[in-house]
2 protein chains.
Amino acid sequence: MKDLLEERDAWSMANCSIARTLEIVGNRTALLIMREAFFGTRRFDDFAKRVGISEPAAAARLKELTAAGLLERVPYQEPGQRTRYAYQLTQKGRDFRTVIVALRQWGDAWATDEQGPPVVVRHEHCGAPVHAVLRCDDGHDVPIGDSFVDAGPGLIRVSPDSP
Amino acid sequence: MKDLLEERDAWSMANCSIARTLEIVGNRTALLIMREAFFGTRRFDDFAKRVGISEPAAAARLKELTAAGLLERVPYQEPGQRTRYAYQLTQKGRDFRTVIVALRQWGDAWATDEQGPPVVVRHEHCGAPVHAVLRCDDGHDVPIGDSFVDAGPGLIRVSPDSP
DNA sequence: CAGCTGACTTACGATTACATAAGTCAGCTG
DNA sequence: CAGCTGACTTATGTAATCGTAAGTCAGCTG
């Protein structure tokens with residue numbers, strides 16, 4: 001294991017990917033709206049009702065997620081109805097699926113009651129439950145403890161005393 | 001693809017694993033503290049400084065994460081120093097690693113600048129970058145779109161008009 | 001035993017995130 | 001063209017979250 005702690009204080013986290021991600025989805029309701037989007041919810045009222053939040057809260061989150069490019073407003077028209085707008089996952093939003101699966105998986109394992117989880121994600125072709133796992137680019141599974149943190153191309157080093 | 005939208009309004013999300021998870025880590029700073037814990041940070045002041053939050057905020061989050069069982073306070077003593085307490089990941093906390101990796105991975109892909117990500121997680125044995133991927137229990141990789149949501153053992157169905 | 005240090009807590013104000021209630025607005029229906 | 005409906009917005013109040021500044025407290029050091 002490389003000794004990363006030694007050098008940790010010299011890292012600037014100004015461009016941390018996690019921090020940037022959390023500026024978009026770093027609150028409870030935004031993540032629950034993403035959950036609903038993966039369930040297939042598309043319409044404004046359904047988001048508010050199914051997530052269990054007020055309409056102003058739903059409007060604010062949907063606006064933020066749309067501005068951030070995870071959702072897009074697309075027009076649709078039901079027969080005999082006027083044109084309305086639905087909130088649909090973009091590629092950027094669909095790619096967030098791993099986070100949602102990982103969150104549910106942790107909750108299933110550590111925060112569920114006796115009855116077990118309410119929903120299960122299954123593989124379309126074989127029906128087996130789907131899990132998020134860690135794997136390296138060489139194809140090895142990576143159990144807990146078998147990884148280390150390395151400097152990336154965007155790492156900014158600062159003197160220990162500067163902000 | 002099963003038509004889950006039809007039935008969605010009959011689901012109660014009272015015991016949703018994601019919602020329960022987000023009651024613990026559903027704010028920005030709690031997730032950033034978990035990031036730091038995976039970097040190897042253990043001490044109070046280091047959490048506050050490296051996450052970039054105030055001491056009261058760090059104290060509140062660390063207390064919540066400890067109460068929830070993701071971290072534990074363990075005594076330690078440096079030579080010539082008095083006994084102090086460090087915040088260490090528990091098994092419950094270590095199991096959260098998949099979420100942190102998934103969040104960083106999404107940020108690396110969608111919220112990074114030209115310089116690239118600041119840090120990279122690598123496999124201890126081969127050095128290759130580690131990713132979070134979705135896989136089913138039969139061992140198949142599950143690309144986006146090749147999964148569906150099924151009822152789990154804990155699913156509670158309610159009449160459409162009840163709260 | 002006075003001073004220092006790490007690990008917090010307390011006090012207070014600002015900001016953000018929510019809920020409730022009500023209003024708006026477009027456009028199809030009757 | 002009045003009414004209805006889905007999709008919002010506005011107004012207002014509360015609770016949670018955060019920062020700044022200051023204080024506490026235990027126990028090693030000199």
Side-chain angles (χ1 to χ4, degrees), chain A residues 5 8-9 13 19 22-37 41-68 71-88 160-161 163, chain B residues 5 8-9 13 19 22-37 41-68 71-88 160-161 163:
Chain A
L5 248 182
R8 173 65 188 86
D9 278 321
M13 285 287 105
L22 295 178
E23 275 167 33
I24 302 170
V25 292
N27 57 66
R28 208 179 123 269
T29 47
L31 288 165
L32 289 175
I33 281 184
M34 289 304 290
R35 175 199 75 186
E36 275 311 312
T41 298
R42 294 286 116 101
R43 288 168 33 163
F44 179 84
D45 279 11
D46 287 338
F47 275 112
K49 184 178 51 173
R50 294 171 183 173
V51 172
I53 59 177
S54 65
E55 291 180 353
R61 277 342 117 222
L62 287 169
K63 195 163 289 185
E64 289 167 9
L65 290 169
T66 303
L71 300 176
E72 59 185 348
R73 266 167 55 107
V74 294
Y76 73 97
Q77 191 157 20
E78 289 178 2
Q81 293 288 114
R82 77 176 212 255
T83 300
R84 301 191 182 284
Y85 290 90
Y87 295 89
Q88 211 172 68
D161 287 325
Chain B
L5 247 183
R8 172 64 188 87
D9 279 321
M13 285 287 106
L22 294 178
E23 276 168 32
I24 302 171
V25 292
N27 58 64
R28 208 178 123 269
T29 48
L31 288 165
L32 289 176
I33 282 185
M34 290 304 290
R35 174 199 76 185
E36 275 311 312
T41 299
R42 293 288 116 100
R43 287 167 35 163
F44 178 84
D45 278 14
D46 287 339
F47 275 112
K49 184 178 51 173
R50 294 170 182 173
V51 171
I53 58 178
S54 66
E55 292 181 353
R61 278 339 117 224
L62 286 170
K63 195 165 288 185
E64 288 168 10
L65 290 170
T66 302
L71 300 176
E72 57 185 348
R73 264 167 56 105
V74 293
Y76 74 98
Q77 191 159 21
E78 289 177 1
Q81 293 288 114
R82 77 176 213 252
T83 301
R84 302 190 181 285
Y85 290 89
Y87 294 89
Q88 211 172 68
D161 288 326

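Residue numbers begin at 1 in each chain, while the letters A, B, ... track the order of the sequences.
Here the options are B/K49, B/R35, B/E36, the test is side chain to side chain donor-acceptor pair (under 3.5 Å), and the partner is B/T41; only B/E36 passes.
Side-chain contact between A/I33 and A/V25 is absent, with no heavy-atom pair separated by less than 4.5 Å.
Rounded to whole Å, atom P of C/dA17 lies 15 Å from atom CG of A/L32. Taking atom CG on A/L31 and atom P on C/dC18, their separation rounds to 11 Å, with Å as the unit.
Among residues two or more places apart in sequence or in another chain, the side-chain contact (heavy atoms from CB on, under 4.5 Å) test is passed with B/A57 by B/I53, B/S54. For A/E64, the side chain to side chain donor-acceptor pair (under 3.5 Å) partners two or more places apart in sequence, or in a different chain, are A/R61. Under the salt bridge (charged side-chain N to carboxylate O under 4.0 Å, His left out) criterion, B/R73 pairs with no residue at all, not counting sequence neighbours. A search for side-chain contact (heavy atoms from CB on, under 4.5 Å) contacts involving B/A68 returns B/I24, B/L70, not counting sequence neighbours. Applying the side chain to side chain donor-acceptor pair (under 3.5 Å) test to B/R84 and every residue at least two apart in sequence or in another chain returns nothing. The side-chain contact (heavy atoms from CB on, under 4.5 Å) search around A/E72 returns A/V74, A/Q88, A/T90, not counting sequence neighbours.
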Notebook entry, point to check: For DNA chain D, what string of dots and brackets results from 5' to 3' when Watson-Crick and G-U pairs need both distances under 3.5 Å, crossing pairs get [ ], and pairs with another strand get |?
Noted result: ||||||||||||||||||||||||||||||
Check: When every nucleotide of nucleotides 6-19 of chain D is labelled 5' to 3' by its protein contacts under 4.0 Å (heavy atoms), B for base, S for sugar-phosphate only, - for none, what sequence of letters results?
Finding: BSBBB------SSB
